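Accompanying notes for the structure given below.
Letters go in sequence order (proteins before strands), and every chain restarts at 1. Please read these numbers as outputs of a predicted model, since none were measured by experiment. Just so you know, these numbers use all the heavy atoms, side chains as well, and skip hydrogens, waters and symmetry mates.
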There are 2 protein chains.
Amino acid sequence: MADGPQSSESLLFLTDEQLRKGIEAMFFAYRDFTADPDRILLTKGYGRAHHRAIHFIHRAPGTTVNNLLSILGVTKQSLNRVLRSLIEDGLVESRVGRRDKRERHLFLTEAGETLERELSDAQRARMRTAYREAGPEAVTGFRTVLEAMMDPELRRHYMAMKEGG
Amino acid sequence: MADGPQSSESLLFLTDEQLRKGIEAMFFAYRDFTADPDRILLTKGYGRAHHRAIHFIHRAPGTTVNNLLSILGVTKQSLNRVLRSLIEDGLVESRVGRRDKRERHLFLTEAGETLERELSDAQRARMRTAYREAGPEAVTGFRTVLEAMMDPELRRHYMAMKEGG
DNA sequence: CTTGGAAAGTCAACAAGGCTGACATAAAAT
DNA sequence: ATTTTATGTCAGCCTTGTTGACTTTCCAAG
């Protein structure tokens with residue numbers, strides 16, 4: 001390792017103390033980040049798992065079950081339980097694939113889109129306030145660090161959705 | 001609302017699209033952020049709840065159960081279950097308070113400190129790599145946004161621990 | 001000294017949402 | 001014709017959160 005005043009100064013942000021602060025900031029921020037949608041979901045009898053399914057179906061309408069599975073990183077049994085209740089309640093529609101009839105393509109119904117909007121409005125409101133408070137440069141840094149924190153292999157799910165859709 | 005080229009350009013980071021990217025970045029990054037300790041915990045028969053207890057007892061040795069409760073934001077029944085197994089396994093020591101004998105002061109044993117180090121080494125390694133990749137300015141922005149995202153009321157738990165000790 | 005209330009622990013019951021394993025069905029691919 | 005893939009489903013288990021009820025310990029105010 002190189003040392004001297006210059007490098008030891010520029011690497012101050014890599015001390016264990018700095019890293020610990022980052023770790024705790026992640027814990028507390030994520031807790032509050034999920035709190036607003038959680039409150040809404042509770043009143044509807046849903047949980048965070050339903051929110052995630054709704055979010056990504058909204059983002060990629062017509063996505064298959066398998067695709068959703070690999071984005072969420074859970075088992076099909078886990079996802080199926082959530083998906084079944086959303087379909088029964090008329091928030092999600094499952095259409096048999098035209099080309100490949102084994103596949104089910106997932107869409108939000110009107111009611112599903114309404115709930116999605118309610119949930120994401122709440123989450124965006126918090127994010128917007130934080131972004132406005134922090135400023136554009138901080139936001140760039142925020143995103144940069146989060147992306148660097150992702151597993152390189154799993155990052156593709158994020159990158160695939162990053163450019164919009 | 002003010003408009004014109006200047007303000008619409010400087011507020012680009014507040015569009016719904018930008019906010020959505022931030023929301024998804026939080027989801028994916030947090031998932032991977034917790035993955036390393038989760039793997040270690042699995043081999044020891046513990047879960048994320050045990051990690052959180054261990055982390056904050058390490059940070060504030062001698063903390064009371066009530067204090068830990070308010071930091072973690074769970075019920076005493078939930079925490080008690082976790083704490084009991086850690087005490088039984090000899091990772092945590094619970095000492096009756098000297099002044100107030102109702103209070104229990106919590107400490108990590110040698111074995112507890114060893115596991116703590118193993119867990120935090122893994123988590124710091126990922127954080128360190130991300131920080132190094134992103135650079136000091138990005139790290140500042142990262143922390144600024146996370147802090148702005150916390151509930152003002154609950155932020156005190158983070159702030160209290162922020163300065164170390 | 002008695003009593004009220006705070007701190008802590010415990011028991012029971014429940015729910016969400018992960019997991020594994022086993023099995024069924026339909027359709028595509030070989 | 002057989003194998004593989006995509007999906008769904010049943011049963012059961014675990015962790016970790018919840019509420020409610022109850023007890024013990026002990027400080028502090030009356």
Side-chain angles (χ1 to χ4, degrees), chain A residues 27 30-31 34-35 37-57 62-89 92-107, chain B residues 27 30-32 34-35 37-57 62-89 92-106:
Chain A
F27 168 67
Y30 195 80
R31 221 234 266 100
T34 57
D38 280 356
R39 262 189 297 277
I40 296 170
L41 289 157
L42 192 65
T43 71
K44 319 260 179 185
Y46 293 125
R48 211 175 284 178
H50 298 84
H51 185 187
R52 292 198 277 260
I54 288 173
H55 176 95
F56 287 110
I57 294 172
T63 186
T64 64
V65 172
N66 240 14
N67 186 36
L68 199 51
L69 237 37
S70 81
I71 289 173
L72 296 175
V74 297
T75 59
K76 63 173 179 174
Q77 293 93 329
S78 228
L79 177 60
N80 195 256
R81 180 167 37 197
V82 164
L83 232 35
R84 203 190 314 160
S85 73
L86 290 174
I87 291 169
E88 278 172 6
D89 297 352
V92 167
E93 195 191 334
S94 167
R95 295 185 207 152
V96 173
R98 280 181 311 164
R99 289 183 312 182
D100 188 334
K101 293 176 191 166
R102 289 171 306 179
E103 294 180 340
R104 302 300 141 91
H105 298 274
L106 303 169
F107 301 85
Chain B
F27 169 68
Y30 194 81
R31 220 232 267 101
D32 296 345
T34 57
D38 281 355
R39 262 189 297 274
I40 297 170
L41 290 157
L42 192 65
T43 71
K44 319 262 178 184
Y46 294 125
R48 209 174 286 178
H50 299 84
H51 184 188
R52 292 198 278 260
I54 288 172
H55 176 94
F56 286 110
I57 293 171
T63 187
T64 63
V65 172
N66 238 18
N67 185 36
L68 199 51
L69 238 37
S70 81
I71 289 172
L72 297 175
V74 298
T75 59
K76 62 175 178 174
Q77 292 92 332
S78 219
L79 176 60
N80 194 256
R81 180 168 37 201
V82 164
L83 233 34
R84 202 189 318 158
S85 74
L86 290 174
I87 292 169
E88 277 172 8
D89 297 353
V92 167
E93 194 192 334
S94 167
R95 294 186 206 153
V96 173
R98 279 180 312 163
R99 289 183 312 181
D100 186 336
K101 293 176 189 166
R102 291 168 303 182
E103 293 181 340
R104 302 300 139 94
H105 297 274
L106 304 168

Describe the nucleic acid contact of A/His105 in one word from base, sugar-phosphate, nothing, applying a heavy-atom distance below 4.0 Å. nothing

Report yes if the side chains of A/Ile87 and A/Val82 come closer than 4.5 Å at any heavy-atom pair, otherwise no. no

C/dC19 C1' sits how many Å from A/Leu72 CG, rounded? 15 Å

Could you check how far CZ of B/Arg31 sits from C1' of C/dG18, rounded to whole Å? 13 Å

Its 5'-most and 3'-most nucleotides having an atom under 4.0 Å from a non-hydrogen atom of chain A, DNA chain D is contacted over D/dT5 to D/dC10

Divergence of helical axes at both termini of the helix from C/dC1-D/dG30 to C/dT30-D/dA1 - five pairs an end, 10° steps: 20°

Test ring pair (Phe, Tyr, Trp, His ring centres under 6.0 Å) applied to A/Tyr46 - qualifying residues, sequence neighbours left out: A/His50

Decide side chain to side chain contact (heavy atoms under 4.5 Å, CB included) for B/Thr64 and B/Leu106; before the verdict, give the C-alpha distance in whole Å, the side-chain angles of both, and the deciding distance to 0.1 Å. CA-CA 6 Å; B/Thr64 63; B/Leu106 304 168; over 6 Å; no

Could you state the CD1-C1' distance from A/Ile54 to C/dG17, rounded to the nearest angstrom? 15 Å

Closest non-hydrogen atom pair, B/Gly47 against B/Leu41: O-CD1, 3.5 Å

If I take atom CG in residue A/Leu42 and atom C1' in nucleotide C/dG17, what distance separates them, rounded to the nearest angstrom? 15 Å

Any side-chain heavy-atom pair of B/Arg104 and B/Val96 under 4.5 Å: yes

Drop me the distance from A/Ile54's CD1 to A/His51's NE2, to the nearest 0.5 angstrom. 7.5 Å

To the nearest Å, give me how far apart CG (A/Leu69) and P (C/dT20) are. 12 Å

B/His105 and B/Gly97 have their tightest heavy-atom pair at CD2-CA, 3.3 Å

For A/Thr34 and A/Arg48, what are the C-alpha separation, side-chain angles and deciding distance, and is it a side chain to side chain donor-acceptor pair (under 3.5 Å)? CA-CA 8 Å; A/Thr34 57; A/Arg48 211 175 284 178; 3.3 Å; yes

By nearest-heavy-atom nucleotide on DNA chain C, the more 5' of B/Ile87 and A/Tyr46 is B/Ile87

By the 4.0 Å heavy-atom rule, please label B/Arg48 as base, sugar-phosphate, or nothing. sugar-phosphate

What's the separation between atom OG in A/Ser94 and atom CG in A/Leu86, rounded to the nearest 0.5 Å? 11.5 Å

By nearest heavy atom, map B/Asn66 and B/Arg81 onto DNA chain C; which one lands nearer the 5' end? B/Asn66

Contacts under 3.5 angstrom, residues 68-77 of chain B side chains, donor-acceptor by atom type, not counting sequence neighbours:
| from | atom 1 | to | atom 2 | distance (Å) |
| --- | --- | --- | --- | --- |
| B/Ser70 | OG | B/Asn67 | O | 3.1 |
| B/Ser70 | OG | B/His157 | NE2 | 3.4 |
| B/Thr75 | OG1 | B/Ser78 | N | 3.3 |

Rounded to the nearest 0.5 Å, how far apart are CD1 of B/Ile40 and CG of B/Leu42? 11.0 Å

How long is the line joining CG of A/Asn80 and P of C/dT25, in whole Å? 16 Å

Partners of B/Phe27 by ring pair (Phe, Tyr, Trp, His ring centres under 6.0 Å), sequence neighbours excluded? A/Phe56

Which whole-number value in Å describes the distance from B/Glu88 CD to C/dT10 C1'? 13 Å

Starting at CG of B/Leu68 and ending at P of C/dA7, how long is that distance when rounded to a whole Å? 15 Å

Nearest to the side chain of B/Gln77, heavy atoms from C-beta on, is which of C/dA8, C/dT10, C/dT20? C/dT10

Would you list the protein and nucleotides 27-30 of chain C atom pairs, both N or O, that sit under 3.5 Å from each other?
| from | atom 1 | to | atom 2 | distance (Å) |
| --- | --- | --- | --- | --- |
| C/dA28 | OP1 | A/Arg99 | O | 3.1 |
| C/dA28 | OP1 | A/Lys101 | N | 3.2 |

